[in-house]
A.B. asks: 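Here it is, the structure in full.
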2 protein chains.
Amino acid sequence: MSHVPGLIQSIERSSAVLRLLAAGPGRLRVKEVADALALPKSTAHSILRTLEHVGFVEQDPDTARYRLGRGLLDLGHGGIDLNELRGRALNWADALASRSGEEVRIGALRDDKVVVVHHVFRPDDSVQSLDTGRLLPPHATALGKVLLAYNAPAVEAAERAGLEAYTRGTLTTARALARSLSETRERGWALSVEEWEAGRAGIAAPVRSFGGLVVGAIGISGTVERLCDTRRQALTVQVEHVLSTARAISRDLAAS
Amino acid sequence: MSHVPGLIQSIERSSAVLRLLAAGPGRLRVKEVADALALPKSTAHSILRTLEHVGFVEQDPDTARYRLGRGLLDLGHGGIDLNELRGRALNWADALASRSGEEVRIGALRDDKVVVVHHVFRPDDSVQSLDTGRLLPPHATALGKVLLAYNAPAVEAAERAGLEAYTRGTLTTARALARSLSETRERGWALSVEEWEAGRAGIAAPVRSFGGLVVGAIGISGTVERLCDTRRQALTVQVEHVLSTARAISRDLAAS
DNA sequence: GGCCACCGTGCGACAATGTCGCACGTGCCG
DNA sequence: CGGCACGTGCGACATTGTCGCACGGTGGCC
């Protein structure tokens, strides 16, 4: 049927599918959805498959019928399942630690703070404390800057909470932070050099789920000498290690 | 970014937009959405415009920022706004009445019954009762058969409630009803000849909103002699009147 | 108060993408 | 046990979504 140009047809159709499923309590067959919207079976099935993938609809394993999914409710209570992120990232984190020779952290935003979801020690180091579950300041760490770069409200919240200075290098003004976040977006990864602890640096990159939504960040941290060159710029090899790992986890999440 | 083939990219993206908007309490700018999902501004804007059109997001008129819309909540409480359907159909209903020379009804499903949303009298007839707000049986009227044809759960409900016989022509078996509904889907309009009241017939067609979702039906009713030929088949001219009017209202709704 | 930069919006062309037809295998109903 | 109808997957085509660019307006900074 004629559809208004300038609007995305498949999104209109998917919203119609959701409305249709919401209209009645009964679960619907593919054929019924196709009939209701005057679509070919294939097209309806393709839309349903995608909606199922993103969690907006669920398919009853027995009857093969579709109903609304839990993902829609989560929109109200807003949030990503951190356990899934952690589980998906476990394998890759170890590999990153051994390849880079540095400790690895995986983080996500929670209440305007960075929560460390997973932590892998530096391979050849003995005395380290387990950071899992710990909260980090978003504006002073590479992990945090990645998460802020792709989440505007969190930036405002962080500024409202005050940009506390931990070292002389900590970004304490909204201007400086905004510039750093913009740089992070452009190149796709974040760098933090002595902004949180003296002598230490961090490199982090975003972990994306389907649609490109940033659901977390993964990064390495170590001494400035090991992560940076003499001009305090991040070493390309280490950046590549982080980036490729982040992309691998993203691909993994998107295929779930 | 690489996306899984077999899935619809724009739907994945739109779900990511919704999740992003749900993640924080703050309203987001187009730029912020685009940055967060690593999309060009244009693409993000196109997705947001479509989501706004279907009611899943709303744009603050002052700040131009986007937030989640009421349409998402309506999914939980499932239902179409009947007032909008009525308002949109008012003008066209009058025109249909004068062109066809018959009375016009607009109906929608409510609790497995057909509720008459709007009613226009037959032009040259004086004594008629206003049907607006009245409930009609779905299986015995043309309006109802259109609505059932595109809503499978309602069919089950109607069968559970019992297919009451009003005349000798009323379809009282699930089989006969299913066949009639299938026929209705194929040709895109419904016919009812002496199934509800003796001597009277009805012709109805679906009113579709965006995505093709059937939100209501519009039809004419009159004596069998005026609506049908000698073989009790619907007159082509009257069918065309109903169909073109239904299409016009659908276009109107889709452009809202 | 003026300037500049950024943002929201719209258009157009290209190519990627969604759509559609067809066919397979399966489960249910008769 | 046979037949039908449904869910699912694949592939080719053409439509459609995407992206780059440019305009007008607004807000912020100096």
Side-chain angles (χ1 to χ4, degrees), chain A residues 1-17 27-53 57-67 152 156 159 173-176 178-179 181-182 185-186 210-212, chain B residues 1-17 27-54 57-67 152 173-175 178-179 181-182 185-186 210-212:
Chain A
M1 191 157 293
S2 68
H3 106 109
V4 185
L7 296 179
I8 299 174
Q9 189 183 48
S10 56
I11 297 182
E12 285 186 316
R13 286 176 169 174
S14 63
S15 87
V17 169
R27 359 236 104 158
L28 291 181
R29 312 170 135 276
V30 173
K31 176 78 175 347
E32 292 166 347
V33 174
D35 283 344
L37 304 185
L39 292 176
K41 254 191 317 176
S42 294
T43 306
H45 184 251
S46 178
I47 293 172
L48 282 169
R49 180 150 28 101
T50 305
L51 286 175
E52 183 189 17
H53 181 251
V57 308
E58 290 171 359
Q59 186 178 33
D60 190 308
D62 301 326
T63 65
R65 296 175 194 229
Y66 291 88
R67 61 171 183 273
E156 296 178 27
E159 291 170 357
T173 68
R175 277 294 268 290
R179 197 143 29 87
L181 296 182
S182 178
R185 275 192 297 268
E186 277 174 31
F210 31 72
Chain B
M1 193 156 292
S2 68
H3 105 110
V4 186
L7 297 179
I8 300 174
Q9 189 184 49
S10 55
I11 297 182
E12 285 185 318
R13 288 176 168 175
S14 62
S15 86
V17 169
R27 2 236 100 159
L28 291 182
R29 312 170 138 273
V30 174
K31 176 75 174 348
E32 293 166 347
V33 174
D35 284 343
L37 304 185
L39 292 176
K41 255 191 315 177
S42 293
T43 306
H45 183 252
S46 177
I47 293 173
L48 281 169
R49 180 151 27 102
T50 306
L51 286 175
E52 182 188 20
H53 182 249
V54 301
V57 307
E58 291 171 0
Q59 185 178 31
D60 189 308
D62 299 326
T63 64
R65 295 172 194 232
Y66 290 89
R67 61 171 184 271
T173 68
R175 278 291 270 290
R179 196 142 30 89
L181 297 182
S182 178
R185 275 192 296 269
E186 278 174 30
F210 31 73

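The shown structure was predicted, so the numbers you read here are calculated from the model rather than taken from an experiment. Proteins get letters first, then strands, A, B, ... in listed order; numbering begins at 1 in each.
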A.B. asks: Please round to the nearest 0.5 Å and tell me the distance separating atom OG of Ser14(B) and atom CD of Glu12(A).
C.D. replies: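 Reported to 0.5 Å precision, the distance equals 11.5 Å.
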A.B. asks: Identify each donor-acceptor pair in which a side-chain atom of residues 31-45 of chain B lies under 3.5 Å from a protein atom, sequence neighbours left out, and give them as a table.
C.D. replies:
| unit_1 | atom_1 | unit_2 | atom_2 | d |
| --- | --- | --- | --- | --- |
| Lys31(B) | NZ | Asp35(B) | OD2 | 3.3 |
| Glu32(B) | OE1 | Arg29(B) | N | 2.9 |
| Asp35(B) | OD2 | Arg185(A) | NE | 3.2 |

A.B. asks: Can you measure from CZ (Arg67(A)) to CZ (Arg27(A)) and round to the nearest 0.5 angstrom?
C.D. replies: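 Output value for this atom pair is 5.0 Å.
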A.B. asks: Without decimals, in angstroms, what is the distance between Leu39(A) CG and dT16(D) C1'?
C.D. replies: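 So the CG-C1' distance, Leu39(A) to dT16(D), works out to 15 Å.
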A.B. asks: Whole angstrom is fine here: how far is it from CZ in Arg175(A) over to P in dG28(D)?
C.D. replies: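 Atom-to-atom, Arg175(A) to dG28(D), this comes out as 13 Å.
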A.B. asks: Kindly point out which of dT18(D), dC30(D), dT19(C) is positioned nearest to the side chain of Ser46(B)?
C.D. replies: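 Of dT18(D), dC30(D), dT19(C), dT18(D) is nearest to the side chain of Ser46(B).
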A.B. asks: In whole Å, what is the span from the CZ atom of Arg179(A) to the P atom of dA5(C)?
C.D. replies: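 That distance rounds to 15 Å.
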A.B. asks: Find every protein N or O atom lying less than 3.5 Å from an N or O atom of nucleotides 3-9 of chain D, and list the pairs.
C.D. replies:
| unit_1 | atom_1 | unit_2 | atom_2 | d |
| --- | --- | --- | --- | --- |
| dC6(D) | O3' | Arg29(A) | NH1 | 2.8 |
| dG7(D) | OP1 | Arg29(A) | NH1 | 3.2 |
| dG7(D) | OP1 | Val30(A) | N | 3.0 |
| dG7(D) | OP2 | Lys31(A) | N | 3.0 |
| dG7(D) | N7 | Lys41(A) | NZ | 3.4 |
| dT8(D) | OP1 | Gln59(A) | OE1 | 3.4 |
| dT8(D) | OP1 | Gln59(A) | NE2 | 2.9 |
| dT8(D) | OP2 | His45(A) | NE2 | 3.1 |
| dT8(D) | OP2 | Gln59(A) | NE2 | 3.3 |
| dT8(D) | OP2 | Tyr66(A) | OH | 3.1 |
| dT8(D) | O5' | His45(A) | NE2 | 3.4 |
| dG9(D) | O6 | Ser42(A) | OG | 2.9 |

A.B. asks: Could you check how far CD1 of Ile47(A) sits from C1' of dC20(C), rounded to whole Å?
C.D. replies: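 Result: 12 Å.
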A.B. asks: Between C1' on dT17(C) and CD1 on Ile8(A), what's the gap in Å once rounded to a whole number?
C.D. replies: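 Those two atoms, CD1 and C1', are 12 Å apart.
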A.B. asks: Going by side-chain contact (heavy atoms from CB on, under 4.5 Å), name the residues that satisfy it together with Asp62(A), two or more places apart in sequence or in a different chain.
C.D. replies: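 So Asp62(A) forms a side-chain contact (heavy atoms from CB on, under 4.5 Å) with Asp60(A).
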A.B. asks: For the atom pair CD (Gln59(B)) and CZ (Arg65(B)), what is the distance rounded to the nearest 0.5 Å?
C.D. replies: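 Interatomic distance, Gln59(B) CD to Arg65(B) CZ, rounded to 0.5 Å: 11.5 Å.
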A.B. asks: Take atom CG of Leu51(B) and atom P of dG17(D), then tell me their distance rounded to the nearest Å.
C.D. replies: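 Taking atom P of dG17(D) as the reference, CG of Leu51(B) is at 13 Å.
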A.B. asks: Nearest-nucleotide wise, let me know which of Asp62(B) and Ser10(A) is further upstream toward the 5' end of DNA chain D.
C.D. replies: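 That would be Ser10(A).
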A.B. asks: Going by side chain to side chain contact (heavy atoms under 4.5 Å, CB included), His53(A) matches just one of Ile8(B), Leu7(B), Ile11(B). Which one?
C.D. replies: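 Among the candidates, only Leu7(B) passes.
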A.B. asks: Return no unless some side-chain N or O of Arg13(B) is found under 4.0 Å from OP1 or OP2 of dT18(D).
C.D. replies: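 For dT18(D), OP1/OP2 do have a side-chain N/O of Arg13(B) under 4.0 Å.
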A.B. asks: Rounded to the nearest Å, what distance is computed from the CD1 atom of residue Ile11(A) to the P atom of nucleotide dG17(D)?
C.D. replies: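 In whole Å, dG17(D) P lies 8 Å from Ile11(A) CD1.
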A.B. asks: How many Å lie between CG on Asp60(B) and P on dG27(D), as a whole number?
C.D. replies: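 Spelled out: CG on Asp60(B) to P on dG27(D) is 12 Å.
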